[in-house]
Protein chains: 2
Amino acid sequence: MNVGKRKPAPVDPASVPKAVVSRLSLYLRELQQLLRGGQTTVSSSQLGRLLGFTDAQVRRDLAYFGHFGQRGVGYRCDELVRAIRGILGTDREWTVAMVGVGNLGRALLGYRGFNAQGFRIVAAFDADPGKVNRTIEGIPIFPPDHLGQVIREQAIPIGLIASPAAAAQQVADQMVEAGVVGILNFAPVTLALPGHVSLVGVDLATELEQLCFSVANRAGPR
Amino acid sequence: MNVGKRKPAPVDPASVPKAVVSRLSLYLRELQQLLRGGQTTVSSSQLGRLLGFTDAQVRRDLAYFGHFGQRGVGYRCDELVRAIRGILGTDREWTVAMVGVGNLGRALLGYRGFNAQGFRIVAAFDADPGKVNRTIEGIPIFPPDHLGQVIREQAIPIGLIASPAAAAQQVADQMVEAGVVGILNFAPVTLALPGHVSLVGVDLATELEQLCFSVANRAGPR
């Protein structure tokens, strides 16, 4: 079956395990890498091998979203990239408003991976008068009290919070009030959001803790 | 049962679902927050409510690691913090070597959450001659060819890769050769590592994609 001619049906995100969706991103990265290297088709076993998964895992993950690939041929890399981007919703550009232009915020402004995957930070906000009314990495920095207006005027759907933890909930509330429907939160605090707003939290210390658990318990009793 | 007097048994990390371990970090954050607010005990339902989980979920997660809390009293916050840090292995300090002092690397050097949870970046490496032989945020920056020596001399167990994707595998290989047993990888590339080395990958664009999937599919057909 030709994935290129087939738009995947909308999926109830609640019905797809989070782990499957996060593996879609991994498949996408590898497929994009293969394409850059000039490879046009890939089998489920090769794709699995690149990521340390079984071929059955790859096929099962993709089966959540439709019938991809052809027996004996495998997947066409470009078609599968297009299909996965369609599933993830990154087949169009998403604009992003970011709050907090500290070290982390600056890193995020300069992070090329966002643009490569279709995310464009179009406005950033910071309370420091020394940072506002200029651009960093080409992105204009506004004072915090412009947040609602800028998000509304540009109909920005995604908010990115890189502010201190103490300010994060208030920032989130303002974003939601202005119409943001998804928030990526880097502040180490749990946000309370209305049900129609999606939330992904990235706590960098948590990532290190997860690693630590694996290292500490792998080493046996201490 | 008094968790304070009971050292959790070492757990086979492979037997505990990743999602459970990642929720331990969330419980830890909330408990630390409650303690800062002066609260000494918490019930499973309160802890669950703060995070949007059921009380049954909280109890089931903690049951992987032993018997915590007391019927009718709940958990003592300080004891549960101590127990979770023991489980995660963050009850002692872990030193970290970081490679790549670009925007993201600088953000990580200044990220206070690491120190708060027991991680200390003690050495950083960058190929830019303008960055080496000085300190940033109090941390010494070395040229890349010092990597093996510094890691070995200081017996640094954890490596943090914030280098460009193209350099990441080589950096990882050098870290492993020098004795690192866990790697936190921020470079958007899949690393191949020997079985005794733990790996956690953080791809910031992936986090945005996960958010996007949820937003795009929640909005229904486009």
Side-chain angles (χ1 to χ4, degrees), chain A residues 10-13 18-19 21-22 24-26 28-30 33 50-51 87-90 94 96 102-104 106-111 113-114 116-117 119 157-158 181-184 188-190 196 198-200 202-221, chain B residues 10-13 18-19 21-22 24-26 28-30 33 50-51 87-90 94 96 102-104 106-111 113-114 116-117 119 157-158 181-184 188-190 196 198-200 202-221:
Chain A
V11 185
D12 175 9
K18 265 191 180 176
V21 183
S22 84
L24 285 185
S25 288
L26 298 178
L28 181 58
R29 275 320 157 272
E30 292 299 331
Q33 188 87 31
L50 287 168
L51 288 159
I87 294 165
L88 290 173
T90 57
W94 293 80
V96 178
N103 278 312
L104 179 60
R106 274 167 193 265
L108 296 173
L109 287 180
Y111 189 70
F114 287 153
Q117 304 303 331
F119 301 101
I158 305 276
V181 289
I183 289 179
L184 185 65
V189 64
T190 310
H196 72 281
S198 299
L199 172 69
V200 169
V202 184
D203 181 335
L204 302 177
T206 294
E207 307 287 352
L208 259 180
E209 281 173 357
Q210 301 301 301
L211 179 65
C212 190
F213 172 80
S214 172
V215 168
N217 290 288
R218 189 176 290 219
Chain B
V11 186
D12 175 9
K18 265 191 181 174
V21 183
S22 85
L24 285 185
S25 288
L26 298 178
L28 182 58
R29 277 317 159 274
E30 293 299 331
Q33 188 86 32
L50 286 167
L51 288 159
I87 294 164
L88 290 172
T90 56
W94 293 79
V96 178
N103 278 313
L104 179 60
R106 275 168 194 264
L108 297 173
L109 288 180
Y111 188 69
F114 287 154
Q117 303 304 329
F119 300 102
I158 304 276
V181 289
I183 290 180
L184 185 64
V189 65
T190 309
H196 73 279
S198 300
L199 172 69
V200 169
V202 184
D203 181 334
L204 301 178
T206 295
E207 306 287 352
L208 258 180
E209 280 172 357
Q210 301 301 301
L211 179 65
C212 191
F213 172 80
S214 172
V215 168
N217 290 288
R218 190 178 288 224

Looking at [X] and [Y], what are the two nearest heavy atoms and their distance?
{"X": "R29(B)", "Y": "A205(A)", "result": "NH2-CB, 3.7 Å"}
{"X": "W94(B)", "Y": "A216(A)", "result": "CZ2-CB, 4.1 Å"}
{"X": "S25(B)", "Y": "Q210(A)", "result": "OG-NE2, 3.0 Å"}
{"X": "F213(A)", "Y": "I87(B)", "result": "CD1-O, 3.3 Å"}

Query raised in the report: When only pairs under 4.5 Å are counted, which of T206(B), V181(B), L199(B) shares the most heavy-atom pairs with chain A?
Result: T206(B)

Report summary line: Note: vs chain A, highest number of non-hydrogen pairs under 4.5 angstrom among L104(B), L184(B), L51(B) is L184(B)

Report summary line: Okay, I158(B) and chain A: the region with an atom under 4.5 Å from a heavy atom over there is side chain

Requested in this report: Check each atom of L108(B) against the heavy atoms of chain A and say whether the ones under 4.5 Å are side chain, backbone, both or neither.
Outcome: side chain

Query raised in the report: Checking heavy atoms, do the side chain of I183(A), its backbone, both or neither come under 4.5 Å from chain B?
Result: backbone

Query raised in the report: To the nearest 0.5 Å, what is the distance between OG (S214(A)) and CG (L88(B))?
Result: 11.5 Å

Requested in this report: Please determine, among R106(A), E209(A), E207(A), the option with the most heavy-atom pairs under 4.5 Å with chain B.
Outcome: E209(A)

Query raised in the report: Which one, V202(A), T190(A), L204(A), leads in non-hydrogen pairs under 4.5 Å with chain B?
Result: L204(A)

**Report entry** Heavy-atom check, side chain of S198(A) versus side chain of L211(B), under 4.5 Å
**Finding:** yes

